[in-house]
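Residue numbers start from 1 in every chain, and the chains themselves are labelled A, B, ... in the order their sequence lines are given, proteins ahead of strands.
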Amino acid sequence: MVEKKIFRAPSGTRDILAPESYRWQKLISIFSHIVESANYGLVINPLFEEVGVFTRGMGEASEVVKKEMYEFTDKGNRTLALRPEGTASVVRSFVQNRPVLPWKAWYVTPAFRYERPQAGRYRQHHQIGVEVIGIQDPDLDVEIVSLMSQLYQALGLSKIELKINSIGDEQCSFSYRQLLLEFLTQRQDELCEEHKQSYSYNPLRVLDCKKISCISLTEQAPKLLDNLCNDCYAHFDRFQNGLKSLGIEFKIDHRLVRGFDYYTRTTFEFVGLALDAAQNGIGGGGRYNGLVESLGGPSEAGIGFGIGIERLLLACDAEDVFQIKPSQIDIFVVDVTGGDQARDLTYRLRQAGLKADRAFGSKSMRSQLRLAHRLGAKAALIIGSEELEAKKVALRWLNQEILEDGVEKSQQLIDSSEIISYLKDLSEFH
RNA sequence: GUGGCCGUAGCUCAGUUGGUUAGAGCGCCAGGUUGUGGCCCUGGAGGUCGGGGGUUCAAGUCCCCUCGGUCACCCCA
């Protein structure tokens with residue numbers, strides 16, 4: 001006896017089958033139309049990189065880099081990691097290929113993080129996003145956010161909120177950091193237990209701590225926006241005005257400090273208000289004006305966002321929108337004469353552009369029609385011995401109420417040689 | 001990495017204070033007089049009760065371990 005072992009998808013991963021996968025196809029298709037109409041081009045990057053791409057990009061100290069990376073050594077002793085997010089890889093590919101500026105790219109990719117799975121969080125999740133290299137203009141920040149907004153609108157989401165902030169450039173961010181550090185040092189006994197230890201290492205992180213003690217303390221702390229330099233302030237100001245001009249609502253969130261070290265100036269995040277799970281962020285991003293350089297490239301500005309597909313769909317479920325039905329099949333071929341007719345006819349139907357299926361094995365006519373009904377076929381083409389003899393096929397419409405016995409059911413005989421061209425002319429199949 | 005809850009058919013679950021061959025609904029398959037989908041009716045397939053160990057005359061039920069799922073913390077999409 002062979003021991004029966006049932007393999008399962010690894011913890012934190014899952015299989016997406018039809019019909020759920022239809023939503024994914026449709027979602028990606030909608031997104032690609034939105035970004036391509038704004039002249040973004042698809043970029044496809046490797047799923048793994050030298051680990052340095054991520055440690056330098058996202059910051060050695062970030063939680064994701066410290067404890068969540070899928071790191072491994074390959075047979076050539078290279079230290080690699082599965083991408084935990086999209087931006088660092090895309091920027092690395094910019095530095096390597098140096099496309100002409102400005103470079104506007106979009107992507108869809110899996111992302112891997114080793115953490116305990118829970119609602120809306122996976123070890124392999126999927127992101128769609130864009131990155132732009134080479135533009136400082138704050139109007140681009142507006143464009144970027146507008147693309148996200150367009151996607152949410154296209155899906156029918158309405159219970160969402162946009163939060164924005166600016167964390168300044170290298171100069172004013174640094175001086176703000178000093179200011180905050182002084183404040184926190186003076187009142188460190190009011191911090192939560194964890195940040196009493198770690199606040200001096202990266203004081204900005206205290207701002208998005210969820211502990212009540214840290215929240216009430218940081219409400220009194222100096223604000224980022226009050227300490228921006230003139231240029232950063234002007235940038236943020238024009239960003240806000242642009243959003244207003246497009247009618248995109250937002251809230252300034254002084255505590256919005258995103259998790260990766262590479263952000264400068266504008267940061268933003270959309271949350272799904274209908275989501276009751278702990279993970280309600282459905283997309284976020286910001287500027288990263290130093291990242292290209294830190295990955296070995298020229299000093300060029302960058303900005304981008306990432307949207308988690310799983311969470312986006314959870315948000316759609318919570319609002320009961322974007323529920324996709326798979327397209328029904330056009331024709332189901334019923335053949336009770338041995339299968340030759342079904343084999344050849346389905347092939348011809350598909351060549352003619354119709355969505356067609358059939359039953360395999362020698363099933364009864366009733367069984368085959370049940371299958372046709374269950375699959376939601378618009379019509380069946382029936383071939384029995386009489387039809388075969390007469391070189392005809394019976395066309396039977398299925399997408400209608402079943403009629404009482406004795407009432408003529410809609411069915412007609414058509415010459416086999418003409419069936420394809422007959423069907424192609426029918427409006428039902430266009 | 002830390003903690004709470006939960007593992008019985010493909011799915012959703014029942015299973016009484018431990019007591020015969022472990023059940024239902026849905027789904028699936030086949031039939032309901034030899035060629036017709038719904039509904040209805042009949043029958044069928046499908047489970048080593050997550051796995052291992054223990055207590056007991058007897059364990060799906062009690063205890064321990066383990067694996068898996070789930071939710072929360074941390075952090076993020």
* Would you indicate what A/R8 reaches in the nucleic acid, counting non-hydrogen atoms under 4.0 angstrom: base, sugar-phosphate, or nothing? => sugar-phosphate
* When all nucleic acid strands are considered with a 4.0 Å heavy-atom cut-off, which category describes A/E386: base, sugar-phosphate, or nothing? -> base
* Base, sugar-phosphate, or nothing for A/N280, non-hydrogen atoms under 4.0 angstrom? -> nothing
* Taking only side-chain nitrogens and oxygens of A/S364, does any of them come within less than 4.0 Å of OP1 or OP2 of B/G35? -> no
* Asked: For A/H126 and B/A77, do the ring centres fall under 5.5 Å apart while the planes stay under 30° apart?
  -> no
* Side-chain donor/acceptor contact of A/R374 with base of B/G27 under 3.5 Å -> no
* To do: Would you mind classifying the nucleic acid contact of A/G129 as base, sugar-phosphate or nothing, using non-hydrogen atoms under 4.0 angstrom?
  => nothing
* For A/R14, report the nucleic acid contact type (base, sugar-phosphate, nothing); a contact means any heavy atom under 4.0 Å. => nothing
* Do the side-chain N or O atoms of A/Q118 get closer than 4.0 angstrom to the phosphate oxygens (OP1, OP2) of B/A72? -> yes
* So, does the side chain of A/Q411 form a donor-acceptor pair with the base of B/U36 at under 3.5 Å? -> yes
* Asked: Within the structure shown, what part of the strands sits under 4.0 Å from A/L312 by heavy-atom distance: base, sugar-phosphate, or nothing?
  -> nothing
* Could you tell me whether the side chain of A/R370 has a donor or acceptor atom within less than 3.5 Å of a complementary atom in the base of B/G32? => yes
* Within the modelled atom types, does a donor on one side and an acceptor on the other bring the side chain of A/E269 and the base of B/A77 under 3.5 Å apart? -> no
* Using the benzene-type ring in the case of Trp, are the ring centres of A/Y263 and A/Y288 under 6.0 Å apart? -> no
